[in-house]
Amino acid sequence: MKLKKILSMAATGLLSLSLLAACAGNETTSKTGGESAKQVSFRLASNHPEEHPVTPSLREFAKLAGQQSKDSVKIEVSPNGVLGQERDVIELVKSGTLEMAKVSASALEGFEKSYSIFSLPYVFQSTDHYYEVMDNSEAVQEIFTKTKDKGWFAIGWYSAGQRSIYTFDKEVASPTDLKGMKIRVQESPTSIAMIKAMGGSPTPMSFGEVYTALQQGIIDGAENNEMGLTANKHGEVAKAYSYTEHQYVPDVLIISTKAWEKLSEEQQQALIDSAKESAESHKAAWEKAVTEAKKQAEQMGVKFYTIDKQSFIDAAKPLHDEYKDADELNAKYFDDFQSYVK
Ligand code: GCU
């Protein structure tokens, strides 16, 4: 086992112990208007920095949850990946050591395979289609809640825009351009299959490792939304962003079932409503942030290329069929998603 991996596992172990210790005193009971309301304090982990638009939206969620629970639920947002990379924090939430996290739906595929649909390239055809599905689809609700007895589940989502490919300096206009190029993908089997189908050589790694991997030339490029260039600083190294718009992968708000069960029904409802409200205001904040990120990236020397996506759409098509044929439930989810195309 690589030294880095051992150190990271040890760090997660230590983190678990210290989080457990911190957990021990996080519940008190107080009298509110004659009724006993259990006060709880939850931590919410995210791998993004302060300047990423999801961070203020998570703080908004925390604020609303406080207000709507009459101050009985306190949520402390821990940004910047200080509590670990996405796989680590999902493990911590699953075990009940950490209460909440915001993670990419792609990272959840390793824990519940139904999440693979969110990484399927071109499953969403436009921003409107994406929002309609995420806000209304029964399939999404089914996927979000089906892991409740596995220690965790999802109570909301935040838009993370569209993902496109970026490289050091090469425009990627068709699958042939990706030949021989190592493109970092999330640790999701569907994203790995996607880059293969799109002509490139997929290199899965955690998000925290991407900047250095780009800098050291371990990879030739990556794929993410425009915020990857600015808030996450990849634009300091990667200067060509081609609008393949292959995925819309939502950021998902997960909670530990243990933490959930400590809440009264009113507190649970307060969390669900606050997640919904903050996700709604996040949509406009996201669009604004994308416009700003493009300007900022251009100042960093990044060139944006609008391309004809059809050759990528065609290359990804067999993945849709494979996905539907693999399982009846997949076919049901896929059809449900497509029923929201207007
Ligand atoms: C997005 C997403 C992160 C994720 C990252 C990635 O930035 O918001 O949660 O970690 O993609 O590519 O890994």
Side-chain angles (χ1 to χ4, degrees), residues 8 44-59 61 77-93 98 100-111 115-116 118-121 124 130 134 152 154 156-167 182-192 194-195 200 202-214 218-219 221-235 237-238 241 244-254 278-279 282-283 285-287 289-290 293 297:
S8 132
L44 194 179
S46 161
N47 62 352
H48 284 310
E50 287 298 341
E51 54 271 37
H52 190 286
V54 82
T55 312
S57 298
L58 294 175
R59 294 202 192 285
F61 161 70
V77 179
S78 260
N80 263 321
V82 289
L83 296 182
Q85 295 292 319
E86 294 202 328
R87 281 172 73 102
D88 302 330
V89 298
I90 299 168
E91 288 288 1
L92 293 172
V93 168
L98 171 67
M100 299 189 79
K102 180 242 45 102
V103 293
S104 171
S106 294
L108 291 167
E109 187 181 342
F111 294 81
Y115 277 87
S116 61
F118 298 113
S119 301
L120 211 53
F124 294 116
Y130 169 52
M134 293 309 299
W152 64 279
W157 71 283
Y158 293 93
S159 177
Q162 304 101 303
R163 297 175 76 95
S164 287
I165 291 176
Y166 46 96
T167 67
K182 288 202 201 87
I183 303 296
R184 179 269 171 174
V185 287
Q186 298 199 68
E187 290 157 302
S188 118
T190 308
S191 301
I192 295 171
M194 169 188 79
I195 289 296
T203 311
M205 65 178 71
S206 71
F207 194 52
E209 291 175 288
V210 182
Y211 184 90
T212 314
L214 277 170
I218 294 167
I219 48 175
E223 49 79 54
N224 206 334
N225 51 56
E226 295 86 340
M227 246 50 75
L229 302 169
T230 55
N232 307 116
K233 303 197 173 11
H234 299 172
V237 196
Y241 189 95
T244 47
E245 297 179 323
H246 50 269
Q247 286 172 328
Y248 292 74
V249 181
D251 273 351
V252 178
L253 190 58
I254 60 166
S278 55
H282 175 76
K283 288 176 186 164
W286 179 269
E287 299 305 330
V290 167

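Positions are given from 1, in the same order as the sequence printed here. The structure presented is a predicted model; accordingly, all values stated were derived computationally and were not measured. As the structure lists them, so they are numbered: ligands from 1, and atoms in each ligand from 1.
Sorted by first and then second residue, the salt bridge (charged side-chain N to carboxylate O under 4.0 Å, His left out) pairs involving residues 45-55 (not counting sequence neighbours) are E50-R59, E51-K233.
Only one option out of S119, P202, P204 pairs with S188 in a side chain to side chain contact (heavy atoms under 4.5 Å, CB included); it is S119.
Applying the salt bridge (charged side-chain N to carboxylate O under 4.0 Å, His left out) test to R163 and every residue at least two apart in sequence or in another chain returns E223. Not counting sequence neighbours, the partners of E245 by the salt bridge (charged side-chain N to carboxylate O under 4.0 Å, His left out) test are K309.
Among protein residues, N47, H48, E86, K102, S104, R163, R184, Q186, F207, N224, D251 come within 4.0 Å of ligand 1, judged on heavy atoms.
Surrounding NZ of K283 are more than 12 heavy atoms belonging to other residues, nucleotides or ligands, all under 6.0 Å away.
Under 3.5 Å, the side chains of S159 and Y248 contain no donor-acceptor pair of N or O atoms.
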